[in-house]
Number of protein chains: 2
Amino acid sequence: MPKLVASDIATALKKRISSGEWIENGRIPPERDLASEFGVARNTMRRAVSFLEDDGTVVRHVGRGTFLTATNPASMAAVVGRMEGTSPADMMEIRQLLEPAAASFAATNASAMELNAVREAHRIASESQDMPTFEHWDAEFHHRIFACSRNEFLKEIHNLMRILRNQAPWFEMKKRSFSEERRSIYCSEHQAVLDALLRRDPESASQAMLAHLKTVQRNLLGR
Amino acid sequence: MPKLVASDIATALKKRISSGEWIENGRIPPERDLASEFGVARNTMRRAVSFLEDDGTVVRHVGRGTFLTATNPASMAAVVGRMEGTSPADMMEIRQLLEPAAASFAATNASAMELNAVREAHRIASESQDMPTFEHWDAEFHHRIFACSRNEFLKEIHNLMRILRNQAPWFEMKKRSFSEERRSIYCSEHQAVLDALLRRDPESASQAMLAHLKTVQRNLLGR
DNA sequence: TTTATCTGATCCAATATTGAGCCATTAGTA
DNA sequence: TACTAATGGCTCAATATTGGATCAGATAAA
């Protein structure tokens, strides 16, 4: 059994906060109390609370206590929280807006080294033997295309989507929809995208990506 | 029974990871624990985990533990943190991808009541006397269009952009670029978008929105 | 046999937790 | 005002946890 460490405690605290605990006066219990409640040294609890402080969930005042912040970081976290609840259908719709554009940007902006990284991800995915490995390098292929889009904001949106796709409702869906035949279709579609990137052809990169995403959408959600 | 070798264990681990195990705080158990759980020597488990590390599925830190890369709690916060640092230019580029689509969706999906809300925001913005009031209802106009796009994920991305636009670099920029003449241009462009929405014309709603965003981009960032 | 792998064990280096104590600031009270 | 209790900020030494690395022997497959 792994030991309960500060980061674990931090996520436990976040869970309790987002479940509405302590919201009444916005104040969370003293470190000493929390420490004894969790059966952990005060120093460890301090580190845990520091995580919350770092991401803006909480502010601390000497002599007064530790308080939930009602401002920006919280609303940001709320957005992310609601995103976790959005449907795969909605996200696939947005992917079809963003990823073709990313591919188009990549075709014009990518360095040779970055394109090599894309090609490498494609190669490993093609040669992978089991589904989890394929999944991983499939995701990596898409990620690396965003990475050479030269738009930081776009990259971060994709990071968000990637994290969300690694959670609850997607798991089942991906597992259900996977098959050897579909894998090989995905590979050849990836190849088409890669070819367009290597030809530095933004328009066909975009089209190839869109075609691929439509296939994925069909497989994941039916038509 | 065939002997459990490192690569078998690696795929078993991957399966457990992709089934959602350990995603909660992104930490997987210590090698020693996993080894005893799988009934295997620690060296073997180390080799197994090394496969995951090569994959990029996981990163290891001496003294801390082994962590999932794709989905750990910190990575979500990190994404949001990095977004705060992205440039207005990058974000404007993405707005031009998303908002025309949102307008298009709105034209086909909005209810009459929702369109009234959009019109109302436009009216108050047009009649506003001072810049902060105009800013507020301008933002509200865009927000309400997203609100009737019927895509929850898209709405949340816009919420994110809205929060970011209320922070540091944007404030100065908006103040600098504001003028009475530009305000009236924005208003007539909004009017064009609104008209297209009321005509239930997705194509021209999209085009009108794109035209508007290009104006905003030019005013904010120069050409 | 040869080769590769697993086992069991030991030590090392990096990091975390513990438990204790003291300080500075704040709030409440006599 | 002055005192007290509560609270977060901080340090320190001792201990524990964890991944990194190596080695000799056992086992199994080519």
Side-chain angles (χ1 to χ4, degrees), chain A residues 1-14 16-17 21-71 73 129-130, chain B residues 1-14 16-17 21-22 24-70 72-75 78:
Chain A
M1 179 176 59
K3 198 162 172 49
L4 203 61
V5 291
S7 59
D8 298 303
I9 296 178
T11 61
L13 287 176
K14 273 186 204 164
R16 281 173 64 166
I17 288 171
E21 186 120 28
W22 305 317
I23 209 165
E24 87 265 9
N25 53 4
R27 190 186 165 180
I28 78 178
E31 295 170 352
R32 289 172 175 85
D33 294 358
L34 286 174
S36 82
E37 181 190 335
F38 280 78
V40 91
R42 188 184 153 218
N43 269 340
T44 305
M45 182 53 73
R46 272 188 66 66
R47 278 172 39 81
V49 176
S50 295
F51 284 120
L52 304 197
E53 190 181 24
D54 290 344
D55 61 35
T57 308
V58 114
V59 285
R60 311 204 257 199
H61 298 288
V62 180
R64 299 182 50 218
T66 302
F67 302 83
L68 303 180
T69 58
T71 54
Q129 299 299 323
D130 57 307
Chain B
M1 182 170 97
K3 188 170 249 181
L4 275 189
V5 291
S7 58
D8 296 325
I9 295 179
T11 60
L13 285 176
K14 275 186 208 164
R16 279 176 63 166
I17 288 170
E21 186 118 28
W22 305 316
E24 122 207 8
N25 56 11
R27 195 172 108 114
I28 79 177
E31 294 171 352
R32 288 171 175 87
D33 293 357
L34 287 175
S36 82
E37 181 189 334
F38 280 78
V40 89
R42 187 183 154 219
N43 269 340
T44 305
M45 183 53 73
R46 272 187 66 66
R47 281 173 33 82
V49 176
S50 295
F51 284 119
L52 303 198
E53 191 181 23
D54 294 342
D55 263 354
T57 308
V58 114
V59 286
R60 310 204 259 196
H61 298 288
V62 180
R64 303 211 300 134
T66 302
F67 300 83
L68 304 182
T69 52
N72 65 51
S75 66

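Order of the sequence lines sets the chain letters (A, B, ...), proteins ahead of strands, with each chain counted from 1.
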Check the pair A:Met45, A:Ser36 against side chain to side chain contact (heavy atoms under 4.5 Å, CB included), reporting the backbone distance first and the verdict last. CA-CA 9 Å; A:Met45 182 53 73; A:Ser36 82; over 6 Å; no
Donor-acceptor under 3.5 Å (B:Thr69 side chain, B:Gly56 main chain): yes
Has the side chain of A:Arg27 got a donor or acceptor atom that lies under 3.5 Å from a matching backbone atom of A:Arg64? yes
From the options [options], select the nucleotide whose nearest atom is closest to the side chain of [X].
X       : options               : value
A:Arg60 : C:dT26, C:dT17, D:dG9 : D:dG9
A:Glu31 : D:dG8, D:dT7, D:dA21  : D:dG8
A:Ala6  : D:dG19, C:dT7, C:dT17 : C:dT17

Got B:Phe38 and B:Asp8 here, is their nearest side-chain heavy-atom distance under 4.5 Å? no
Are B:Ile9 and B:Leu34 packed together at the side-chain level, in the sense that at least one heavy-atom pair is separated by less than 4.5 angstrom? no
Within the structure, does a side-chain N or O atom of [X] lie under 4.0 Å from either OP1 or OP2 of [N]?
X       : N      : value
B:Arg64 : C:dA16 : yes
B:Thr66 : D:dT18 : no
B:Arg42 : D:dG19 : no
B:Thr44 : C:dT5  : no

Rounded distance (Å) that lies between atom C1' of D:dT17 and atom CG of A:Asp8: 13 Å
Given atom CE of A:Met45 and atom P of D:dG8, what is their separation to the nearest angstrom? 11 Å
Restricting both atoms to N or O, compile the protein contacts to nucleotides 22-26 of chain D shorter than 3.5 Å, with distance only.
| from | atom 1 | to | atom 2 | distance (Å) |
| --- | --- | --- | --- | --- |
| D:dT22 | O4 | B:Asn43 | OD1 | 3.0 |
| D:dT22 | O4 | B:Asn43 | ND2 | 3.0 |
| D:dC23 | N4 | B:Asn43 | ND2 | 3.4 |

Considering every strand and a 4.0 Å limit on heavy-atom distances, what is the contact class for B:Arg32: base, sugar-phosphate, or nothing? base
Taken in chain and number order and not counting sequence neighbours, the residues that satisfy side-chain contact (heavy atoms from CB on, under 4.5 Å) with A:Val62 are none
How many angstroms lie between CD in A:Glu31 and CG in A:Asn43, if you round to the nearest 0.5 Å? 9.0 Å
Looking only at heavy atoms, which two atoms of A:Ala48 and A:Ala10 are closest? And how far apart? O-CB, 3.8 Å
Axis bend over the full length of the helix from C:dT1-D:dA30 to C:dA30-D:dT1, computed from five pairs that close each end, to 10 degrees: 30°
A:Ile17 vs A:Leu52, side chain to side chain contact (heavy atoms under 4.5 Å, CB included): CA-CA, chis, key distance, verdict: CA-CA 10 Å; A:Ile17 288 171; A:Leu52 304 197; 3.7 Å; yes
